[in-house]
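Here's the structure, in structure tokens; my notes come after.
Chain A is the first sequence line, chain B the second, and so forth, proteins listed ahead of strands; every chain is numbered from 1.
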Protein chains: 2
Amino acid sequence: MPYQGGVYGCPVEEALHMISGKWKPRIIHELLGQTRRFSELQRLIPGMSRHVLTTQLRELEADNIVERTVYPTVPPKVEYSLTDFGRSLEPVLEQLVGVGERYISLRKNEAVEK
Amino acid sequence: MPYQGGVYGCPVEEALHMISGKWKPRIIHELLGQTRRFSELQRLIPGMSRHVLTTQLRELEADNIVERTVYPTVPPKVEYSLTDFGRSLEPVLEQLVGVGERYISLRKNEAVEK
DNA sequence: CGGAATCCAAAGAGATACTG
DNA sequence: CAGTATCTCTTTGGATTCCG
């Protein structure tokens with residue numbers, strides 16, 4: 001669907017949507033540079049339930065950001081890694097870190113002024 | 001309601017949250033380079049209700065991205081413009097455009113393969 | 001171990017109607 | 001012209017329970 005100057009097919013919206021899950025940036029971060037097992041991700045990201053991890057991983061998979069490899073062993077073993085496209089997101093995430101930090105220091109200054 | 005900051009204060013989360021409103025990137029886009037009146041924004045972004053525009057503008061204001069100037073005339077006149085911090089978001093939005101476009105072309109290729 | 005199915009609460013987004 | 005005030009619908013995140 002072409003960019004209609006409107007809501008539909010807006011590239012920024014698409015981009016934001018695919019990394020805007022509550023834990024997605026964090027999951028991508030943990031996968032930068034290495035493959036991880038499901039249980040590893042669970043351990044690395046405390047506070048996130050199994051169900052939510054599953055949901056977010058499925059969505060990342062559907063968006064071609066993450067690849068899922070199942071080893072049909074007992075007990076089961078599933079590994080997740082970034083696709084090329086997923087790795088291409090790194091610079092954007094780094095920029096977002098910068099923005100977030102500027103934002104946080106801005107709010108601190110505001111608080112001081114009060 | 002403006003984001004109060006997560007427990008971890010993850011900068012990426014903060015950054016995403018403040019531009020993740022459904023119309024926020026579009027509003028910022030329309031304010032890049034020029035000041036706009038409320039009614040102008042409404043006209044420039046069809047499909048968005050007045051109420052939603054108000055809400056998004058209030059949140060952008062609370063996040064120090066947008067500045068609101070009221071002229072106490074009759075009829076009332078209100079202008080919106082980006083703050084310095086708001087303008088600093090431009091490179092990130094441009095990168096997000098790139099990501100979104102790569103994503104869209106990726107999905108097109110998938111569709112062709114079927 | 002790595003899920004799926006179900007249910008629930010909260011937040012986002014929009015429609016509609018009224019107002020200084 | 002530029003809002004507020006409600007109400008509703010939908011989407012998300014999370015808790016719990018069951019399964020190959």
Side-chain angles (χ1 to χ4, degrees), chain A residues 6-8 10 12-14 16-28 30-31 35-63 66-81, chain B residues 1-8 10 12-14 16-28 30-31 35-63 65-81:
Chain A
V7 189
Y8 271 113
C10 167
V12 175
E13 238 182 280
E14 308 269 351
L16 282 176
H17 185 263
M18 68 189 180
I19 55 173
S20 280
K22 175 152 192 188
W23 303 94
K24 287 183 187 174
R26 186 71 190 276
I27 293 170
I28 295 171
E30 300 298 347
L31 290 178
T35 292
R36 301 278 196 195
R37 296 188 57 173
F38 186 89
S39 50
E40 265 186 296
L41 289 172
Q42 238 190 303
R43 183 174 43 77
L44 287 165
I45 315 179
M48 178 183 51
S49 71
R50 247 176 325 179
H51 177 243
V52 172
L53 178 54
T54 301
T55 309
Q56 308 269 297
L57 283 171
R58 287 290 174 283
E59 289 179 17
L60 289 170
E61 205 189 339
D63 284 338
V66 155
E67 227 166 15
R68 181 165 174 264
T69 314
V70 182
Y71 298 92
T73 59
V74 175
K77 174 176 165 181
V78 182
E79 283 187 344
Y80 293 91
S81 59
Chain B
M1 201 194 321
Y3 187 47
Q4 303 291 329
V7 183
Y8 319 102
C10 169
V12 175
E13 238 180 278
E14 309 267 351
L16 282 176
H17 187 266
M18 69 189 180
I19 56 174
S20 280
K22 174 153 193 189
W23 303 94
K24 287 183 188 176
R26 187 70 191 279
I27 293 170
I28 295 171
E30 300 298 349
L31 290 178
T35 292
R36 301 277 196 195
R37 297 188 57 173
F38 186 90
S39 52
E40 266 185 293
L41 289 172
Q42 237 190 302
R43 182 173 44 77
L44 288 165
I45 313 178
M48 177 185 51
S49 71
R50 245 176 326 181
H51 177 242
V52 173
L53 177 54
T54 301
T55 309
Q56 308 270 297
L57 283 171
R58 288 291 176 281
E59 289 179 16
L60 289 170
E61 206 189 338
D63 285 338
I65 293 169
V66 155
E67 226 165 15
R68 181 167 174 263
T69 313
V70 183
Y71 298 91
T73 60
V74 176
K77 176 175 165 179
V78 181
E79 283 187 345
Y80 292 91
S81 58

Result block: side-chain N/O donor-acceptor pairs under 3.5 angstrom for residues 44-57 of chain B, not counting sequence neighbours:
from: B:Ser49; atom 1: OG; to: B:Val52; atom 2: N; distance (Å): 3.2
from: B:Thr54; atom 1: OG1; to: B:Arg50; atom 2: O; distance (Å): 3.0
from: B:Thr55; atom 1: OG1; to: B:His51; atom 2: O; distance (Å): 2.8
from: B:Gln56; atom 1: OE1; to: B:Trp23; atom 2: N; distance (Å): 3.3

- Can you tell me how far P of C:dG2 sits from CZ of A:Arg68, to the nearest Å? 10 Å
- With a non-hydrogen cut-off below 4.0 angstrom, is B:Tyr80 in contact with a base, only sugar-phosphate, or nothing? sugar-phosphate
- Query: Think A:Arg37 has a side-chain N or O under 4.0 angstrom from the OP1 or OP2 of C:dC1?
  - Reply: no
- How would you give the extent of chain A contacts on DNA chain D, as first and last nucleotide 5' to 3' within a 4.0 Å heavy-atom cut-off? D:dT12 to D:dG20
- Task: Could you check how far CG of A:Leu53 sits from P of C:dA4, rounded to whole Å?
- Result: 11 Å
- Summary of side chain to side chain donor-acceptor pair (under 3.5 Å) pairs that have at least one residue in residues 37-47 of chain B, sequence neighbours excluded: B:Arg36-B:Glu40
- So do the side chains of B:Met18 and B:Lys24 get within less than 4.5 Å of each other, counting heavy atoms only? no
- Item | Contact check, side chains of A:Leu41 and A:Leu31, non-hydrogen atoms, under 4.5 Å | yes
- Not counting sequence neighbours, which residues clear side chain to side chain contact (heavy atoms under 4.5 Å, CB included) with A:Val74? List them please. none
- Task: Determine the stems involving DNA chain D; a stem requires 3 or more consecutive pairs of the Watson-Crick or G-U wobble kind, each with both distances below 3.5 Å, and the answer is none if no such run exists.
- Result: C:1-20 with D:1-20
- B:Ile19 side, atom CD1; B:Ile65 side, atom CD1 - distance, nearest 0.5 Å: 7.5 Å
- How long is the span from the CD atom in A:Glu59 to the OG atom in A:Ser20, to the nearest 0.5 Å? 10.5 Å
Which atom pairs link the protein and nucleotides 13-20 of chain C when you take only N or O atoms and keep those under 3.5 Å?
from: C:dA13; atom 1: OP1; to: B:Lys22; atom 2: N; distance (Å): 3.0
from: C:dA13; atom 1: OP2; to: B:Gln56; atom 2: NE2; distance (Å): 3.4
from: C:dG14; atom 1: OP1; to: B:Trp23; atom 2: NE1; distance (Å): 3.4
from: C:dG14; atom 1: OP2; to: B:Trp23; atom 2: NE1; distance (Å): 2.9
from: C:dA15; atom 1: N6; to: B:His51; atom 2: ND1; distance (Å): 3.2

- Query: About how many Å separate CD of A:Glu14 and CG of A:Asp63, when rounded to the nearest 0.5 Å?
  - Reply: 9.0 Å
